[in-house]
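Since the structure comes first, as structure tokens, the remarks are kept for the end.
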Amino acid sequence: MGLSHRIKSFLDDRFDTATARTIIDQQAHKRLPPHTSWFHVFGSLSLLLFVSQTITGILLLVYYRPTPEDAHQSIQYITAEVHFGWLYRQIHAWGATLMILVVLLHMLRTYFHGAYKKPRELTWITGVLIFILTITFGFTGYLLPWNQIAFWATTVGTESANKVPYIGGWLRYLLRGGDAVTGETLSRFFVLHVIILPWLLTGLVVIHLLLMRLNNLTTLERVGEEKPVPPDSGIPFFPVHVAKEGVVAVLLLAVLVTLSVLAPWEIGEPADPLSTPPHIKPEWYFLPSYQLLKYFEGPYGAMIGIVACSVPFLLLFLWPFLDRGKERHPRKRPLAVAFGVLGLVAALFLGYLGHISETEQTFFGKRYHIDLLGWPHEIVEEQGDAEQAH
Amino acid sequence: MTNTEKHPTRRGFLDWLIGIGTSVTGLAMAVPALMYLWPAARTGGSDNVEVEGASDMAPGQSKTVQVGGKAVIVVRSHGGFEAYSAICTHLGCLVQWDGTKRQFLCPCHAAAFDAQGRVVSGPPPAPLPPYRVKEVAGKVYVSPT
Ligand code: HEM
Ligand code: FES
């Protein structure tokens with residue numbers, strides 16, 4: 001008797017394995033709706049990236065030390081000395097950015113297919129929570145190398161919390177573990193990043209996937225008129241959809257390794273609490289909010305700004321209950337589609353303004369200084385020495 | 001109406017007891033845990049700090065020191081020393097002293113404060129708070145006002 005056979009009969013003697021096998025079989029061969037396409041792979045890609053972050057994160061943890069004295073040094077040690085340390089650090093850093101991107105693409109797919117409508121409102125809401133946790137992962141992880149950019153970006157980021165009406169001051173104090181960003185902040189962010197967020201996200205993803213399976217993927221039929229996909233039609237999850245996912249997963253891993261090799265993240269200078277370097281900007285996924293905040297000035301303005309930044313997230317949570325239309329097909333929901341496109345364009349535009357603000361850019365052959373708010377000011381050259389027009 | 005709803009039964013009482021008991025126990029465990037997370041009062045270093053090498057500073061020069069865990073910028077003018085909080089009141093970056101412009105400049109969003117810490121331009125909502133400077137026997141000390 002072969003080993004696998006012996007294990008099988010050992011289990012069969014003790015448990016009701018037939019039932020378990022039926023459930024697994026049903027799930028594996030479940031039929032997905034006929035329009036299930038390459039756009040439907042972003043969910044499992046998000047999952048793949050989460051798994052990759054978990055594995056590379058655990059590997060980094062072996063050598064990383066979360067104190068202001070050791071943190072920067074330990075990252076340098078990982079990249080310079082540890083076998084393949086550079087690779088795992090790069091894959092973890094690039095994986096974070098790609099995960100946020102892929103989760104965003106997944107949200108767009110489900111938005112345009114009306115997948116948030118009844119009965120999948122809770123799938124969508126757990127999704128929005130997952131999205132928020134994912135960017136919180138990014139925010140907390142960013143500080144861990146304890147370099148200048150991270151230290152000051154975190155100072156600015158946690159200071160923004162101070163503008164939250166009424167509780168801002170407490171919130172900042174709690175986040176920082178004191179008045180300023182110090183070793184206390186590093187400890188807090190570390191615990192969030194490696195213990196609390198991973199378990200929260202794991203729990204949410206499990207619920208999200210269960211809900212997704214219970215309702216199956218959405219067809220493009222109207223709310224209340226969805227027909228179940230019979231076993232002899234639709235797209236078999238295994239092997240057809242899984243094969244698509246496999247192809248895209250391999251591509252994604254290739255992109256991840258390529259970026260890690262060709263565009264490595266720098267370690268930067270160690271944090272210096274007594275000097276702020278120029279050009280502090282947050283990561284790309286915070287740029288739209290960061291830019292939006294700049295347009296609200298003064299003590300009350302700043303408060304309104306923070307509230308304005310939370311509106312998009314509030315809208316995401318409430319969206320299944322705000323859009324009560326019965327149609328799912330994007331061509332039959334011009335308003336919802338227009339709204340989604342508008343939101344996307346606004347976010348991209350604000351992010352771009354944030355990216356180019358306080359830099360010099362060339363448009364149509366002329367040099368411009370882009371100010372804080374994103375306005376361009378032409379740079380006029382006068383007798384050889386450059387001077388700003390405004 | 002069933003019997004259960006009119007007269008509390010043993011079953012109903014047990015349900016109620018378990019519900020209340022779990023909530024109270026949960027709360028009793030959560031409150032200290034939340035308090036634990038609140039940063040314990042901790043002085044971030046001394047409150048009266050000597051500015052090392054102050055006597056070597058030329059007029060127009062500045063130095064950033066930590067007072068009670070917060071960054072303070074000390075400027076030497078012709079009249080003597082002045083100190084202001086170096087923490088930009090906008091989003092917390094540290095300002096630098098520009099001796100020629102006689103202004104504190106913030107590297108983060110291009111704010112400028114004048115020599116008295118008042119906002120000249122940029123997004124900060126409030127002036128830089130001043131610190132007290134004392135000169136004793138040729139040494140310069142900074143402390144919160
Ligand atoms: C780590 C993050 C995430 C993972 C691992 C994940 C995983 C998945 C997977 C594997 C699917 C099924 C395949 C697919 O439709 O792509 C799915 C479906 C779904 N997800 Fe996510 N997801 C994540 C984040 C999100 C976010 C941020 C949202 C929205 C705000 C969201 C909303 C949905 C919805 C509504 C469905 C049902 C789709 C349908 O019925 O067609 N998910 N998720
Ligand atoms: S932090 Fe100084 S101007 Fe924004």
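Chain naming here is simple, since letters A, B, ... match the order of the sequence lines and numbering starts at 1 in each.
Pairing each heavy atom of A:P278 with each of B:P107, the nearest pair is CA-CB, 4.2 Å. In terms of heavy atoms, B:Q66 sits closest to A:L274 at CG-CD2, 4.0 Å. When every heavy atom of A:G178 is checked against every heavy atom of B:P39, the shortest pair comes out as N-CG, 3.7 Å.
Atom NE2 of B:H109 sits about 12.5 Å away from atom CG of A:D371, to the nearest 0.5 Å. One finds the CG atom of A:N162 at 9.0 Å from the CG atom of B:L91 (value rounded to the nearest 0.5 Å).
Chosen from A:R176, A:K163, A:E159, the residue pairing most often with chain B at heavy-atom distances under 4.5 Å is A:E159. Between chain B and the residues A:K294, A:E358, A:K281, A:H279, the most heavy-atom pairs under 4.5 angstrom are made by A:E358.
Summarising the local packing, CZ of A:R65 is surrounded by 12 or fewer heavy atoms from other residues, nucleotides or ligands at distances under 6.0 Å. Around the CH2 atom of A:W284, the shell of radius 6.0 Å holds more than 12 heavy atoms that belong to other residues, nucleotides or ligands. More than 12 heavy atoms of other residues, nucleotides or ligands sit less than 6.0 Å from atom CH2 of B:W38. The number of heavy atoms from other shown groups lying within 6.0 Å of CZ (A:F317) is above 12. Under a cut-off of 6.0 angstrom, the local environment of OH in B:Y36 is sparse, with at most 12 non-hydrogen atoms contributed by other residues, nucleotides or ligands.
Between B:L94 and A:S275, every side-chain heavy-atom pair lies at or beyond the 4.5 Å cut-off. Using a 4.5 Å cut-off on side-chain heavy atoms (C-beta onward), A:T276 and B:C108 make contact.
Only the side chain of A:L372 has a heavy atom closer than 4.5 Å to any heavy atom of chain B.
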side-chain contact (heavy atoms from CB on, under 4.5 Å) evaluation trace for A:T155 with B:C93: CA-CA 7 Å; A:T155 299; B:C93 295; 6.0 Å; no
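Listed in order of number, the residues of residues 114-144 of chain B that approach chain A to under 4.5 Å between heavy atoms are B:P123, B:P125. Proximity to chain A at a heavy-atom threshold of 4.5 Å picks out nothing from residues 73-86 of chain B.
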